[in-house]
Undergrad: 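After the structure tokens below, expect a handful of questions from me.
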Amino acid sequence: MNELRQLTDEQRMIVDTVDAITDDYGHDYWYRCIESDAFVTELWEELADLEFLGIIIPEQYGGAGLGMAELAILLERFGAHGVPLLSFLNTVTMAPIPMMHHGSDELKQRFLPGIASGDLYFAFAITEPDAGTNSFRIKTRASREGDEYIVNGQKTFITGADRADYVQLVTRTTPYEDVADGDKRKGGTLLTVDMESDGIELQPLDLDLPEPANQYTVHFDDVRVPVENRIGTEGEGFLHVFDALNPERIGTAALSTGMGEFVLERAVEYAKDRSVFDAPIGSHQGVQHPLSRAKVDLELAKLATGEAARAFEASDSAAGAYANMAKFAASEAGDQAMDAAMQTFGGNAFSTEYDIITLHNWTRFTRIAPVNNEMVLNHIGESLLGLPRSY
Ligand SMILES: Cc1cc2nc3c(=O)[nH]c(=O)nc-3n(C[C@H](O)[C@H](O)[C@H](O)COP(=O)(O)OP(=O)(O)OC[C@H]3O[C@@H](n4cnc5c(N)ncnc54)[C@H](O)[C@@H]3O)c2cc1C
């Protein structure tokens, strides 16, 4: 699709590079990996060589030292080639950011170069079966014993737990009920946990989301974690994780608009070719307008995502509002584009030959995770409109 935005030379280079490597590692490769239950290992190695795994990691720690806008362009472009990966959000975005902002220099030296080089794969774990969206209610407990924390609890939906070398684990050192002054944001502690540690057990989940990294419930039973693996301050873990939530929302927005473009482009080509009443179906406004509308919504979502990235980099007070709005706009736009594309394809929407259906659950998924759009609207309602909280 033609690019309406003004990209910097660096961003243009990222687009061109992704366009080139997806000749070999595009949508078909992505889907072949999923069908054979394999990770996208060759693509991951290529991403490491191109410094894309460490795109936001500072150069002194082996990364490319670029910003959120470049990360967003990278993810959008992979989405636009039909290659969405949850590992882009976990390992490339969520894992390094709290460490970059709050980790000791020793932690940064130990882990960031490995993330950038692809030698270390990180999972991120906050979700629990009984807490869900209400992360403050997590029960996974880290109790201090000398130079170690002893961790007990369980996390669920943990992407890539089987291939992870480490997990960024959000625990509670003070239970929700015991937090001083009732400030539920306090009492959390973020730990980098070696997945080879004794006491970790994985239970695979059977989910119908085409994704090369699988999901697991992870049980922690008296797992010993050295105190030096703590990121930032004991009791401030939720606040440290919050630093990465806006980037995760921006990344999700970028993947969503990219996937929307992927299906829209295929639908437009089909609508130009397919004639059933002596004229291309794309000439009928019942087909054309939903596609045009999808284009409008995707372009607006891209602008919002770009502004969210700029606000994040500038530590602008509107950064959270923009990141939430971009995530909402983009995930809705991506899913609407999917709907318009499917209607355009008619019965062929379900054909593997035209292959948009493999992204159907993915465009839907981004309305639910990593944060559901109702919570995004709650945030907008409370922080921008000043409406009272119901939960
Ligand atoms: C494929 C996949 C991969 C994932 N990977 C990871 C991972 O690697 N690490 C990790 O920690 N988590 C991961 N998750 C978990 C994901 O972040 C959660 O599923 C998501 O945050 C929603 O939480 P929940 O499923 O518990 O929904 P619930 O909290 O049970 O909420 C269900 C629904 O209720 C509604 N709702 C809830 N509260 C409110 C409210 N206050 N106001 C209005 N509506 C509300 C929303 O519509 C929401 O969708 C993954 C999930 C999936 C499906």
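In listed order, ligands and their atoms are each counted from 1. For clarity, every value in this text was computed on a predicted model and none was experimentally measured. For this chain, numbers begin at 1 and follow the sequence in order.
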Undergrad: Tell me whether the rings of Phe242 and Phe136 are parallel (<30°), tilted (30 to 60°) or perpendicular (>60°).
TA: perpendicular
Undergrad: Among all residues two or more places apart in sequence or in another chain, which pass the side-chain contact (heavy atoms from CB on, under 4.5 Å) test with Ala244?
TA: Met94, Ile97, Pro98
Undergrad: Closer than 4.0 Å to some heavy atom of Leu209 - which atoms of ligand 1 meet that?
TA: 1 (C)
Undergrad: Geometry only, no angles: is Ile126 polar-contacting ligand 1 at N/O separations under 3.5 Å?
TA: yes
Undergrad: Suppose I only count heavy atoms of Ala125 and a 4.0 Å limit; which atoms of ligand 1 are within that range?
TA: 11 (O)
Undergrad: Just heavy atoms, cut-off under 4.0 Å: does Thr127 contact ligand 1 by side chain, backbone, both, or neither?
TA: both
Undergrad: Do any non-hydrogen protein atoms sit less than 4.0 Å from atom 4 (C) of ligand 1?
TA: yes
Undergrad: Just jot down the ligand 1 atoms closer than 4.0 angstrom to any heavy atom of Gly132, in number order.
TA: 26 (O), 29 (O)
Undergrad: For residues 193-210, which residue pairs pass the side-chain hydrogen bond (donor to acceptor under 3.5 Å, both in side chains) check, not counting sequence neighbours?
TA: Gln203-His219
Undergrad: What residue and heavy atom of the protein are closest to atom 53 (C) of ligand 1, and at what distance?
TA: Phe365 CE1, 3.5 Å
Undergrad: What do the steps show when you test Thr352 against Asp355 for side-chain hydrogen bond (donor to acceptor under 3.5 Å, both in side chains), and what is the final call?
TA: CA-CA 5 Å; Thr352 47; Asp355 195 10; over 6 Å; no
Undergrad: Among Leu190, Thr233, Ile231, find the residue that satisfies the side chain to side chain contact (heavy atoms under 4.5 Å, CB included) test when tested with His102.
TA: Ile231
Undergrad: Under a 4.0 Å heavy-atom limit, does Asn90 contact ligand 1 with its side chain, its backbone, both, or neither?
TA: side chain
Undergrad: Does atom 34 (O) of ligand 1 have any protein heavy atom closer than 4.0 Å?
TA: no
Undergrad: One residue to check: Asn378. Relative to ligand 1, which of side chain, backbone, both or neither has a non-hydrogen atom less than 4.0 Å away?
TA: side chain
Undergrad: Of the non-hydrogen atoms in Ala48 and Ser117, which two are nearest, and what is the gap between them?
TA: CB-O, 3.3 Å
Undergrad: Quick one: does Pro370 get a heavy atom under 4.0 Å from ligand 1?
TA: yes
Undergrad: Under 6.0 Å from the ring centre and within 45 degrees of the ring axis: does the NZ or CZ of Arg266 meet both conditions for the six-membered ring of Tyr354?
TA: no
Undergrad: Answer with side chain, backbone, both or neither: which part of Glu211 has a heavy atom less than 4.0 angstrom from an atom of ligand 1?
TA: neither
Undergrad: Would you mind telling me if ligand 1 is within reach of the side chain of Gln215, the backbone, both or neither, using heavy atoms under 4.0 Å?
TA: side chain
Undergrad: Pick, from Glu374, Met375, Arg137, the option with the minimum heavy-atom distance to atom 38 (N) of ligand 1.
TA: Met375
Undergrad: Hey, can you tell me if Phe365 and Trp362 have their rings parallel, tilted or perpendicular (30° and 60° cut-offs)?
TA: perpendicular
Undergrad: Please list, in number order, the atoms of ligand 1 under 4.0 Å from a heavy atom of Phe124.
TA: 7 (C), 8 (O), 9 (N), 10 (C), 11 (O)
Undergrad: Does NZ or CZ of Arg185 fall inside the cone over Phe238's six-membered ring, less than 6.0 Å from its centre and within 45° of the axis?
TA: no
Undergrad: Using 30° and 60° as the class boundaries, would you call the ring planes of His284 and Phe277 parallel, tilted or perpendicular?
TA: perpendicular
Undergrad: How close do Leu264 and Ala294 get, counting heavy atoms only, and between which atoms?
TA: CD1-CB, 4.2 Å
Undergrad: Considering only protein heavy atoms, determine whether one is less than 4.0 Å from atom 31 (O) of ligand 1.
TA: yes
Undergrad: What I want to know is whether Phe157 and ligand 1 share at least one N or O pair that is separated by under 3.5 angstrom.
TA: yes
Undergrad: Please give me the minimum heavy-atom distance between Thr127 and Gly132, naming the atom from each residue.
TA: CG2-CA, 4.5 Å
Undergrad: Closest non-hydrogen protein atom to atom 27 (O) of ligand 1, residue and atom name please, with distance?
TA: Thr133 OG1, 3.7 Å
Undergrad: Could you check atom 48 (C) of ligand 1 against the protein and tell me its nearest heavy-atom contact, residue, atom and distance included?
TA: Asn372 ND2, 3.3 Å
Undergrad: How does Thr159 reach ligand 1, if at all, at less than 4.0 Å between non-hydrogen atoms: by side chain, backbone, both, or neither?
TA: both
Undergrad: Under 4.0 Å from a heavy atom of Tyr391: give me the atoms of ligand 1 that qualify, with their elements.
TA: 41 (N)
Undergrad: Decide whether Thr140 and Glu128 meet the rule of one side-chain donor and one side-chain acceptor closer than 3.5 Å.
TA: yes
